[in-house]
Every structure is written in C-alpha cells, then in structure tokens.
Amino acid sequence: MPEILIELENVSYRYGETTALERVSLQVREGEFWAVIGPNGSGKSTLLKLVLGLIEPQAGQVRLFSEPAASFRSKEKIGYVSQKSNAFNSAFPATVREVVRSGLVKKTGLFRRFPSDWEAKVTKALAAVGMESYAGRSIGQLSGGQQQRVFIARALISNPELLILDEPTVGIDRQHMESFYDMLGRLNREKGIAILLVTHDVDTVSELVTHVACVNRSIHFHGPHEEYNRQEERFRNEWYGHPVRRVHHDKEGGEG
Ligand SMILES: Nc1ncnc2c1ncn2[C@@H]1O[C@H](COP(=O)(O)OP(=O)(O)OP(=O)(O)O)[C@@H](O)[C@H]1O
Ligand SMILES: [Mg+2]
C-alpha cells in the first residue's frame, strides 16, 4: 500500500465564531492527484493551511508523512503555492532565476545561504515547468500564467514529494489553463509527485486527477475521480447550487 502523506482525522477548525471545517477526515497517499472543490468560503484554503501546519485544529488530528503536522520539520518534502502568489506588478525587482532560487532559502543564523549547485537546481526546476528560457527575465514582465509556472518551479526546487496548490489558475485564460493542468498531470505521472489542488475548474481537471474531495464545511464526497464522475448530475447541481456548465476547450465565440 502506498505511503499516507496527509492524514486528517475528525478535524474541526473555527475562526472565532465561524466554523470553517467540521469533523473532516481525509487520506492522501503517495502518487495521488487530488482536486479539492467547493464553493467560496467552504473551507478549502483553511484545509490547506491545516495540512501545512500554518494553523492548528481545535479538534482532531493532522499528520504529515505519519508525523503530527505541528511538529513536522521536513518542510522540503512539501511544495506550496498559495492563493495569492501571482500578485507581482511589472516593476517588481526580481528575475525569474531569483524567484525560483528563493525556494531554497534556509535561514542559518544571520546568513541566508544557497547550496553551491543552486543554479543547476533552478534550471532543472524551470525545465520541469517549460520555463527554462525565461531565467533571466524580470518576473513582473511575465504573463499571469507564466508567473504561475515560475511559482510552481519555486515550489519544485526542493524536490518535494507533495505539491499543494491553492487555485493556481486564477488569472490564466482557458487556453493556457489546459496546458497548465497538463503540466501538473505530467509532474504527477512522470515524477510521481502527489498533488493536492484546490480548484473551481472541476470539469477541466476531472479526467486528470485521480481523486476528488468536495468540501463544504464538512467533506460531502471523497474518492476516486471515476466515482465522482458517476455521481448523478443532480448531486453536482446541488453541490454548486446551479447546473455546472461543461468547459469546452475548442474556441468559443467567433474569434479565430
Ligand atoms: N482569517 C480568518 N478570520 C476569520 N474567518 C476566516 C478567516 N479565513 C477564513 N475565514 C472564514 O472561514 C470560512 C472558510 O474560508 P476559506 O478561506 O477556507 O474558504 P475557501 O473555500 O478557501 O474560499 P474561496 O473559494 O473563496 O477561496 C469562510 O467563512 C471565511 O469567511
Ligand atoms: Mg480559498
């Protein structure tokens, strides 16, 4: 049986009076690719923050690689791209190379040291997301989709076993979104990296991911994507409160 990387057991989390998550249980194993879906305010980002040990649950257990999340120290095993990572304006004074390298920073006393082979590591991480020819470019001058790839490269530079992404396609158009998701699919299949992806593009990713979790304060469904796809359309409509429109990848409208 593949190793359990993330384990939540009856986890509840409150922000003051607001209960964000209630008795959530979930297991993510080696090699799996999970889509976490749910409406705005349903607790998806909270779930990721619990997994990352950024916040601690009032009830229940969170374990990472079989260790309690709160005392988990092997942070290099996990790459994380947050919901608002692509907010760079065009004047931001860093190159792509510097942004990706910053994923290697270890604070050692007063000094910030990089390993001597950092440049090769940067090139490899950029190659994994198809951005190796952009190393010298200024981050602020890339498109939103290109910036997102760079942030994934930053998250990949420590060779993580698990990649955690919070709505990484915000600001990416439909055409680039598809190639972005294909890239995630390749990282999962070819490098064996487990992925936990929060997304609203459920129909786009449902063939790509291995598992789906529907969160709305509690977990309403979790399981293999085939099982999710077999659910009645009614279930999905109830879930979103309106019929879900299938995403078409062929060109829409009259252009081109
Ligand atoms: N720092 C906070 N303080 C108080 N309440 C919060 C805080 N962060 C989130 N919440 C509340 O907790 C609930 C879950 O929020 P969360 O950010 O996890 O939702 P989400 O599913 O990620 O939503 P979205 O799709 O909009 O990103 C919401 O009701 C939200 O208002
Ligand atoms: Mg969120």
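Atoms within a ligand are numbered from 1 in the order they appear, just like the ligands themselves. As a basis for the values below, the full set of heavy atoms in this structure was taken, side chains included, without hydrogen atoms, waters or symmetry mates.
For ligand 1, the polar-atom distance check finds an N/O of Gly41 within less than 3.5 Å of one of the ligand's N/O atoms. For a threshold of 3.5 Å applied to N or O pairs, the pair formed by Gly43 and ligand 1 contains at least one separation below that value.
Rounded to the nearest 0.5 Å, atoms CE (Met131) and CD (Gln147) are 9.0 Å apart. If you take CD on Glu30 and CZ on Phe65, they are separated by 8.5 Å, rounding to the nearest 0.5 Å. A distance of 12.0 Å separates OG1 in Thr210 from CZ in Arg29, rounded to the nearest 0.5 Å. Expressed to the nearest 0.5 Å, how far NZ of Lys77 lies from CD of Glu67 amounts to 7.5 Å.
Residue contact check: Ser42 has heavy atoms under 4.0 Å from atoms 19 (O), 20 (P), 21 (O) of ligand 1. Residue Thr46 approaches ligand 1 through these ligand atoms, each under 4.0 Å from one of its heavy atoms: 14 (C), 15 (O), 16 (P), 18 (O). Against a heavy-atom cut-off of under 4.0 Å, His200 is close to the following atoms of ligand 1: 25 (O). The contact set between ligand 1 and Pro39, taken as ligand atoms under 4.0 Å from a residue heavy atom, comprises 21 (O).
For Thr18, every heavy-atom contact with ligand 1 shorter than 4.0 Å involves the side chain, none the backbone.
The Mg ion (ligand 2) does not have Thr46 among its coordinating residues (no N/O/S atom, backbone or side chain, under 2.8 Å).
Summary of contacts: the protein heavy atom closest to atom 25 (O) of ligand 1 is Lys44 NZ, 2.7 Å. Looking at atom 4 (C) of ligand 1, its nearest protein heavy atom turns out to be Tyr15 CB, 3.3 Å. Looking only at heavy atoms of the protein, atom 17 (O) of ligand 1 is closest to Ser45 CB, 3.8 Å. For atom 27 (O) of ligand 1, the nearest non-hydrogen atom of the protein is Gln83 NE2, 3.0 Å. Regarding atom 24 (P) of ligand 1, its nearest protein heavy-atom neighbour is Asn40 ND2, 3.6 Å.
For the residue pair Pro168 and Gln148, the shortest heavy atom distance occurs at O-NE2, 2.5 Å. For the pair Gly31 and Asn188, the tightest heavy-atom approach, listed with the atom from each and the gap, is O-ND2, 3.1 Å. Heavy atoms only, all atoms of each residue included: Ser179 and Arg149 are closest at OG-NH2, 3.2 Å. In plain terms, the two heavy atoms of Ile37 and Thr199 that are nearest each other are CG2-O, 3.5 Å.
Residue-ligand proximity: Gly16 is placed with every non-hydrogen atom at 4.0 Å or more from ligand 1. Contact annotation: Lys49 has no heavy atom less than 4.0 Å from any atom of ligand 1.
Within the 4.0 Å cut-off (strictly below), no protein heavy atom is located near atom 30 (C) of ligand 1. Protein non-hydrogen atoms do reach within 4.0 Å of atom 8 (N) of ligand 1.
Of the residues Val28, Leu5, Val51, Ile4, the one that meets the side chain to side chain contact (heavy atoms under 4.5 Å, CB included) test with Leu64 is Val51. Under the side chain to side chain contact (heavy atoms under 4.5 Å, CB included) test applied with Leu197, the options Leu48, Leu163, Val205, Thr169 reduce to a single match, Val205.
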Could you walk me through whether Ser82 and Asp166 pass the side chain to side chain donor-acceptor pair (under 3.5 Å) test, one step at a time?
CA-CA 5 Å; Ser82 72; Asp166 198 347; over 6 Å; no
